[in-house]
Amino acid sequence: MAEFEPNIVAFVCNWCSYGGADSAGGQKLAYPANIRLVRVMCSGRVDPEHVVAAFREGADGVMVMGCHPGNCHYRNGNHKALRRFRLFERMFLQLGIDKDRFQLEWVAAGEGKKFQDVTTAMTERVRALGPLVISGFVPEEVSHV
Amino acid sequence: MSKVKAAIYWCSSCGGCDESIVDLGERILAIREAVDFVFWPCAMDPKYSDVEAMADGEIVVSLINGSIRTSEQEYMAKLLRRKSQLVVAFGSCACFGGIPALANLTSKKGIFDRSYLTTPTTVNPEGIVPLEHSKTAEGYSMELPSFYETVYKLDDVIEVDYFLPGCSPNGDMVANAMGAILAGKLPPKGSMLLPDIALCQSCDRNSTKPESLTITEFKRLIHVQADPTQCFLNQGILCMGPATRDGCGFPCVKGNMPCTGCMGPVGSKDQGARMLSALGGIMEGETEEQIAKALDGIPDPAGTFYRYSMSSSFMGSHRKENKP
Ligand code: SF4
Ligand code: SF4
Ligand code: FES
């Protein structure tokens, strides 16, 4: 059987991380074709409903990438993203979704290499986990976060 | 004029939805003038065979409450669907899974082990658990409905015409919905019989609702005395108002209790994601320590944000592999 190719949706902020993807391209640093970029103005603009919609529609993993703390072009959008992300993480644990399927990364516009590294690592982790199966119940109960 | 034939049925539910119809008080007399209840197990003694003997479409409206966990419930939902012109998912369990669907945070095996083997009050040395098929010592075959791996909402198993959420829907909501059905003044099929706005919009504490970063920690209601004039979120007490559909008249808030979200999500939105979104914007904290400290005040996020809507969550039915 062919190796499993995960679908990974990556929300990237326009000002830093999209630039990071661009500079990866400029430097001919290939990143996995599994990553589907969705450009948003700011990581704080990524509504949890977008993350949930991506999983619902078949993503096996979701990434959110924004400017490094202190560098958000809307001052504190990335802090908002971080708070939501930490809350998501706790909830995913209870819902039986491996937290490796959801990643938050800070990638600056010049960090083409970092963009390549984090997307490659994410793809490998999700590939190892296999397809996301949503069965409607949690086989191993997590009672307290 | 002949009366409209109606049925009321319960699936996985607590009985509160049936109670909410009884709670109509004298208003039920007006409904009785217009309606002939042909099947209502909570209030009458009908048999499934009575329904099986009816012609298809003979019942004008069936109000079905409760979520679907067993093969018997699924059978009855499908039978009533066939015999009814309209089916209303009545109450939050039928609409979104409700409280029974919190069981989806564990498994069938977890539930059986806990209920029949490991609770401190259980004495069951032979490890007897219910079986779908068994034989008595005398050789009689016994059948029980099968217990599914997951809790479904009603529209996972049958087509539903209208939705009336609430745990349970209150008297006004029921009377209005019944009035609309009897008068034939109904919105397009598939609609909720309620407004599509968030509870906060009509809540009378809305003027004190925080719009910016204010919450540094979440307090449990058992530890504080809530100020009856201030928005709960403004006091650091989790209130599901921002992610919950309006229409109940916020009785909980009036009783100085925060909303737990029983009316379910607004629109088709995922209730948990919406609440998470709202909290991200009003919670303080830029460092990992600050954020962790605040979040420790929400010890059970999944059970809190999806308390009534687990079956309609993104974890729920859309990608359930073992759909009946
Ligand atoms: S959060 Fe609760 S108390 Fe505050 S406005 Fe909304 S419903 Fe009312
Ligand atoms: S205030 Fe919230 S919990 Fe109370 S009845 Fe309304 S929706 Fe349900
Ligand atoms: S603009 Fe990049 S995270 Fe806000």
Side-chain angles (χ1 to χ4, degrees), chain A residues 7 42-60 62 64 66 68-72 74-97 101-102 104 131-145, chain B residues 97 101 103-111 114 148-152 156 213 215 265 268-288 290-292 294-296 298-306 310-311 313-323:
Chain A
N7 285 319
C42 172
S43 63
R45 178 65 189 90
V46 181
D47 196 289
E49 286 177 36
H50 300 152
V51 174
V52 157
F55 280 122
R56 212 192 252 273
E57 298 303 321
D60 301 296
V62 175
V64 176
H68 285 269
N71 288 348
C72 171
Y74 305 94
R75 213 162 58 87
N76 52 17
N78 48 6
H79 289 128
K80 200 194 252 186
L82 178 65
R83 292 191 290 268
R84 288 175 175 156
F85 176 75
R86 290 292 173 229
L87 188 47
F88 249 131
E89 257 184 351
R90 291 176 182 225
M91 205 167 81
F92 280 162
L93 198 68
Q94 287 182 286
L95 296 174
I97 297 178
R101 293 189 187 274
F102 186 41
L104 178 70
L132 174 63
V133 176
I134 293 185
S135 54
F137 66 95
V138 181
E140 294 286 329
E141 183 179 348
V142 182
S143 49
H144 290 286
V145 181
Chain B
N104 289 352
L105 289 173
T106 178
S107 61
K108 172 179 172 180
K109 181 176 183 305
I111 292 167
R114 181 78 186 148
Y148 295 150
E149 288 282 2
T150 179
V151 178
Y152 298 95
D156 288 338
L213 310 175
I215 304 176
S268 58
K269 306 271 167 59
D270 186 285
Q271 199 172 11
R274 184 139 180 171
M275 195 60 204
L276 217 140
S277 169
L279 291 181
I282 54 173
M283 213 180 102
E284 249 180 85
E286 299 199 342
T287 66
E288 294 286 359
Q290 290 166 335
I291 295 172
L295 295 184
D296 284 346
I298 311 174
D300 176 14
T304 306
F305 301 156
Y306 295 111
M310 194 61 84
S311 295
S313 75
F314 76 105
M315 270 294 293
S317 31
H318 279 238
R319 287 172 71 187
K320 271 176 193 164
E321 316 317 321
N322 51 349
K323 198 160 171 154

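Reminder, nothing fancy here: chain letters follow the sequence lines and each chain counts from 1. Note that this is a predicted model, so its numbers are computed, not measured.
The contact between B/Leu105 and chain A is made by backbone and side chain atoms together, counting heavy-atom distances below 4.5 Å. Only the side chain of A/Phe92 comes within less than 4.5 Å of a heavy atom in chain B; its backbone stays farther off. When heavy atoms are compared at a cutoff of 4.5 Å, B/Glu288 approaches chain A solely by way of its side chain, counted from C-beta outward. Using a 4.5 Å cut-off between heavy atoms, B/Ala103 does not touch chain A at all.
Of the inter-residue distances, the one linking B/Met275 atom CE with A/Met91 atom CE reads 11.5 Å to the nearest 0.5 angstrom. The distance from atom CG of A/Asp47 to atom CG of B/Asp270, rounded to the nearest 0.5 Å, is 10.5 Å. Rounded to the nearest 0.5 angstrom, A/Gln94 CD and B/Thr106 OG1 are separated by 12.0 Å. Rounding to the nearest 0.5 angstrom, the gap separating the CE atom in B/Met283 from the CZ atom in A/Arg84 is 11.0 Å.
Considering only heavy-atom pairs separated by less than 4.5 Å from chain A, the leading option among B/Leu279, B/Leu276, B/Ile291 is B/Leu276. The most heavy-atom pairs under 4.5 Å with chain A, out of B/Ser277, B/Ala294, B/Ala302, come from B/Ser277.
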(request) Test side-chain contact (heavy atoms from CB on, under 4.5 Å) on B/Ile111 and A/Phe137 and set out the steps. (result) CA-CA 11 Å; B/Ile111 292 167; A/Phe137 66 95; over 6 Å; no
(request) Let me see the working for A/Val51 and B/Phe314 under side-chain contact (heavy atoms from CB on, under 4.5 Å), right down to the final yes or no. (result) CA-CA 10 Å; A/Val51 174; B/Phe314 76 105; over 6 Å; no
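Here the shortest heavy-atom pairing between B/Pro301 and A/Arg90 reads CG-CB, 4.1 Å. Nearest heavy-atom pair, B/Gly285 versus A/Arg83, reported as atom, atom and distance to 0.1 Å: O-NH1, 2.8 Å. Across all non-hydrogen atoms, the minimal contact from B/Ala273 to A/Val52 is CB-CG2, 3.7 Å.
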